[in-house]
Amino acid sequence: MAKKEVIVVGGGLAGLSATMKLAEQECHVKLVSLTKVRRSHSVCAQGGINVAVNLKGEDDSPLVHAYDTIKGGDFLGNQPPILEMCLAGPAILRMLDRIGCPFNRTLEGNIDFRRFGGTLYHRTAFCGASTGQQLLYSLDEQVRRYEAQGLIEKFENHEFLRLVLDEEGVARGIVMQDLYNLELQILKADAVVIATGGLGVIYKKSTMSTFCTGAANGRLFMQGMKYANGEFIQIHPTAIPGSDKMRLISESLRGEGGRVWVYGDSSKQIAFPDGTMRPCGKTGEPWYFLEEMYPAFGNLVPRDIGAREVLRVCEAGLGVQGQMQVYLDVSHLPADVQKKIDSVLEIYRKFMGEDPRKKPMKIFPAVHYSMGGAWVDWPAVDDPDRWTRFRHMTNLPGCFNVGESDYLYHGANRLGANSLLSCIYGGLVTGVEVPRYLSSLSKTYSNVADSVFQAGLRIEENRRQELMGRSGSENVHRLHDELSEWMVKYVTVKRDNPDLKRTLEKLKELRERYRNINLSDKGNRLNQTYVFANQFGPMLEIALIITKGALLRNEFRGSHFKPEFPERDDQHWLKTTIATYDPKQDEPIITYEPVDT
């Protein structure tokens with residue numbers, strides 16, 4: 001019997017959980033990762049993973065968790081996958097516990113839970129403040145077990161460049177490059193799983209790792225993959241401001257009792273959520289504005305609300321030392337509580353040179369997560385065609401997409417600590433759906449002519465030759481600075497149509513100037529300039545999707561805020577944005593589909 005060959009691109013939580021499950025199903029998996037698997041961006045997740053098991057006696061349940069997730073996403077999320085994810089949460093937690101993830105424990109030995117943003121329940125299981133790292137290491141151990149059995153083959157420090165599609169448009173492999181020597185290689189398989197994470201480098205000043213460019217999805221988009229809800233970009237309310245990038249300060253600090261404040265000024269007034277105008281605290285005294293504005297949630301309001309309120313307070317002139325920053329204070333917490341969040345406090349001390357155990361931290365919102373991503377299918381349990389469709393498969397047959405790089409679980413805004421659950425759950429689902437897809441195929445990649453694979457390879461060879469041969473006057477890193485400046489300024493917390501139109505034209509201008517770049521390094525060894533220049537074109541295509549989707553959506557929903565359209569408009573905008581690529585057009589084509597409720 002022929003081996004069932006599958007390629008997984010991405011070594012984070014989604015990629016590893018899919019790889020593990022595929023190996024369990026006796027598939028041979030080729031795991032491709034930009035970096036060492038243990039350095040994937042999932043390792044940066046700090047706060048925890050949401051699972052409703054009601055160990056705190058609060059009458060929590062997976063159904064309440066599902067409702068909170070749907071409501072937190074401002075009702076834009078498809079409800080069947082959200083419900084199934086939340087129902088599967090307790091079993092996933094038991095699996096993670098069983099494979100050795102070192103969760104914090106109560107004195108009785110039970111897994112401990114903390115509160116997180118957008119919920120009133122203690123449902124976030126955690127490993128200090130390095131939960132992503134511990135989850136990633138636990139899954140990596142399982143993957144290594146199957147690797148030792150010969151079921152998994154790793155290609156670390158390799159980059160996905162293109163999907164190989166046969167004459168019928170079915171995925172049969174990929175073209176990738178070795179990041180050490182730029183050597184191009186073909187990998188063959190009958191299914192490809194994309195789990196390449198977020199796109200924060202488009203904004204540059206984000207909390208994401210410097211390899212989270214979104215280029216893989218951009219390349220797939222240019223090959224015909226649909227991209228959904230691109231305009232919904234999450235802004236995390238608490239990050240360390242930096243000249244190069246932003247560094248996350250986890251929501252877990254507020255979950256453990258951290259408080260956000262500025263010095264008050266009673267001579268100024270600000271609009272509260274109920275529409276009344278009230279003084280900005282008492283002059284010269286700490287003003288805990290989130291606690292006053294949202295007494296039920298306090299400092300654990302959903303992230304979109306927290307980011308907007310921090311921005312409003314700073315725009316009112318109340319920022320720390322007159323700058324765009326506020327205080328996040330944990331100095332009042334007991335030493336045993338501070339110990340739980342020690343790894344995050346150490347990050348602040350390292351980059352800011354101040355001890356947050358004694359002095360309040362200075363923070364400001366930053367780009368953190370993309371709710372949008374690849375459009376993927378999800379036939380619900382009771383859909384009549386459930387067993388002829390495949391969950392997490394894109395519109396490109398045989399190409400699946402999972403993790404932050406898909407759009408499925410978070411609607412218009414993600415609840416904190418839901419990302420780890422969605423990545424692992426999506427990966428496990430994909431690991432079951434792919435073998436079912438493989439069994440439906442009438443032929444395998446071995447029946448496809450080698451010329452199909454060589455054609456894909458030639459496209460990338462020609463692309464490299466053309467890019468290396470450009471001799472213009474533009475510098476791709478300066479273009480990136482311009483891109484990030486415009487995207488951060490006009491396509492983050494607060495948006496308006498005139499600026500979005502200008503940004504759309506600016507992106508087209510950058511795309512034209514990109515054709516006129518000149519690379520400072522044209523060698524084949526460790527050429528990071530070429531690697532980034534090759535990513536920049538697809539990054540621009542994703543930026544166009546984000547901006548055009550934001551321009552067209554005239555409402556206020558989740559992370560998408562337009563002051564001139566201050567209300568959610570379900571009558572006209574309760575629908576999913578779908579972007580498609582047409583090389584003859586200078587911007588993406590936008591259509592819509594209904595939300596599955």
Side-chain angles (χ1 to χ4, degrees), residues 46-47 72 114-122 124 129 235-241 246 248-338 340-341 344-345 348 352 354-366 368 413 415-417 493-494 561:
Q46 297 170 352
R114 58 167 56 120
R115 266 190 67 204
F116 236 58
T119 177
L120 300 174
Y121 299 90
H122 290 75
T124 305
I235 314 300
H236 198 288
T238 57
I240 306 172
M246 308 290 273
L248 177 65
I249 294 297
S250 171
E251 205 162 283
S252 60
L253 274 67
R254 288 173 284 135
E256 295 292 349
R259 306 176 77 185
V260 177
W261 61 276
V262 292
Y263 284 108
D265 184 345
S266 59
S267 68
K268 296 181 177 180
Q269 290 196 328
I270 197 167
F272 270 56
D274 61 4
T276 61
M277 297 296 294
R278 303 188 200 176
C280 296
K282 296 181 180 179
T283 301
E285 295 184 12
W287 179 38
Y288 301 99
F289 55 92
L290 291 177
E291 297 173 26
E292 281 195 27
M293 292 178 176
Y294 302 92
F297 288 94
N299 294 286
L300 288 171
V301 292
R303 290 173 176 176
D304 58 323
I305 295 174
R308 282 194 296 274
E309 298 301 355
V310 169
L311 182 64
R312 279 209 306 145
V313 164
C314 289
E315 288 179 340
L318 295 172
V320 176
Q321 297 169 343
Q323 299 180 38
M324 299 297 276
Q325 53 191 15
V326 300
Y327 286 126
L328 171 59
D329 197 353
V330 298
S331 61
H332 60 286
L333 299 178
D336 62 324
V337 175
Q338 289 184 350
K340 290 183 182 179
I341 51 177
V344 181
L345 301 183
Y348 187 87
M352 300 299 288
E354 296 179 345
D355 187 354
R357 298 166 188 82
K358 300 175 180 177
K359 295 178 65 174
M361 292 174 276
K362 299 169 187 173
I363 55 93
F364 192 70
H368 181 59
N413 184 48
L415 289 187
V493 177
K494 190 163 60 174
F561 174 50

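FYI, side chains are in, hydrogens and waters are out, and symmetry mates aren't considered; it's all heavy atoms of this structure.
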Please answer whether the main-chain N or O of Ser266 pairs with a side-chain N or O of Thr283 as donor and acceptor at a distance below 3.5 Å. yes
Looking at Ala417 and Thr124, what are the two nearest heavy atoms and their distance? CB-CG2, 3.6 Å
Within the structure provided, determine whether Val326 and Phe364 are in side-chain contact (heavy-atom separation under 4.5 Å). no
Keeping the roles fixed (side chain from Asn299, backbone from Arg254), state whether a donor-acceptor pair exists under 3.5 Å. no
Is Arg312 salt-bridged to Glu309, cutoff N-O under 4.0 Å? yes
Can you check side chain to side chain contact (heavy atoms under 4.5 Å, CB included) on Val260 and Tyr327, steps first, answer last? CA-CA 6 Å; Val260 177; Tyr327 286 126; over 6 Å; no
Take Ile249 and Lys362 through the side chain to side chain contact (heavy atoms under 4.5 Å, CB included) test and state the conclusion after the steps. CA-CA 10 Å; Ile249 294 297; Lys362 299 169 187 173; over 6 Å; no
Quick one: are Asn413 and Pro302 in side-chain contact, heavy atoms under 4.5 Å? yes
Just by distance, do the side chain of Glu256 and the backbone of Val337 share a donor-acceptor pair under 3.5 Å? no
Polar side-chain atom of Glu291 near backbone of Gly298 as donor-acceptor pair, under 3.5 Å: no
Quick check: do Leu311 and Met324 have side-chain heavy atoms less than 4.5 Å from each other? yes
Minimum-distance pair of heavy atoms, taken over all atoms of Pro365 and Val310: CD-CG1, 3.5 Å
Given side chains that start at C-beta, do those of Tyr348 and Ile240 come closer than 4.5 Å, heavy atoms only? yes
Do the non-hydrogen side-chain atoms of Tyr294 and Pro273 ever get within less than 4.5 Å of each other? yes
Is there side-chain contact between Ile270 and Met293, with heavy atoms separated by less than 4.5 Å? yes
Judged by atom type as modelled, is there a donor-acceptor pair below 3.5 Å linking the side chain of His368 to the main-chain atoms of Pro237? no
Heavy-atom pair of closest approach, residues Ile363 and Pro241: CA-CD, 4.2 Å
Closest contact, heavy atoms only, Ile341 versus Ser252: CG2-OG, 4.0 Å
Rounded at 0.5 Å granularity, tell me how far CG in Leu300 sits from CG in Leu290. 9.5 Å
Would you find a donor on one side and an acceptor on the other, under 3.5 Å apart, between the side chain of Arg357 and the backbone of Ser331? no
Got Lys282 and Asp265 here, is their nearest side-chain heavy-atom distance under 4.5 Å? no
Kindly give the heavy-atom pair with the smallest separation between Cys280 and Leu318, and that separation in Å. CB-CD1, 3.6 Å
Could you walk me through whether Arg278 and Glu292 pass the salt bridge (Lys or Arg N to Asp or Glu O under 4.0 Å) test, one step at a time? CA-CA 10 Å; Arg278 303 188 200 176; Glu292 281 195 27; 6.0 Å; no
Leu253 CG to Leu333 CG distance, which is reported to the nearest 0.5 Å: 8.0 Å
Evaluate the side chain to side chain contact (heavy atoms under 4.5 Å, CB included) criterion for residues Lys340 and Arg114: first the C-alpha distance (whole Å), next the side-chain angles of each, then the deciding distance (0.1 Å), finally the verdict. CA-CA 11 Å; Lys340 290 183 182 179; Arg114 58 167 56 120; 4.2 Å; yes
How long is the span from the CH2 atom in Trp261 to the CG atom in Asp329, to the nearest 0.5 Å? 6.5 Å
Mind checking whether Arg303 and Phe116 have side chains closer than 4.5 Å, heavy atoms only? yes
Any donor and acceptor pair, going by atom type alone, linking the side chain of Lys268 with main-chain N or O of Ala316 inside 3.5 Å? yes
Criterion side chain to side chain contact (heavy atoms under 4.5 Å, CB included) on Arg259 and His332, from CA distance to verdict: CA-CA 9 Å; Arg259 306 176 77 185; His332 60 286; 3.9 Å; yes
Do Arg115's NZ or CZ and the ring of Tyr121 fall within the cation-pi criteria of under 6.0 Å and 45°? no
Identify whether the distance between the nearest side-chain nitrogen and carboxylate oxygen of Asp304 and Arg308 falls below 4.0 Å. yes
Can you classify the ring geometry of Phe272 versus Trp287 as parallel (below 30°), tilted (30 to 60°) or perpendicular (above 60°)? tilted
Backbone N or O of Val330 within a donor-acceptor pair of the Gln338 side chain at under 3.5 Å? yes
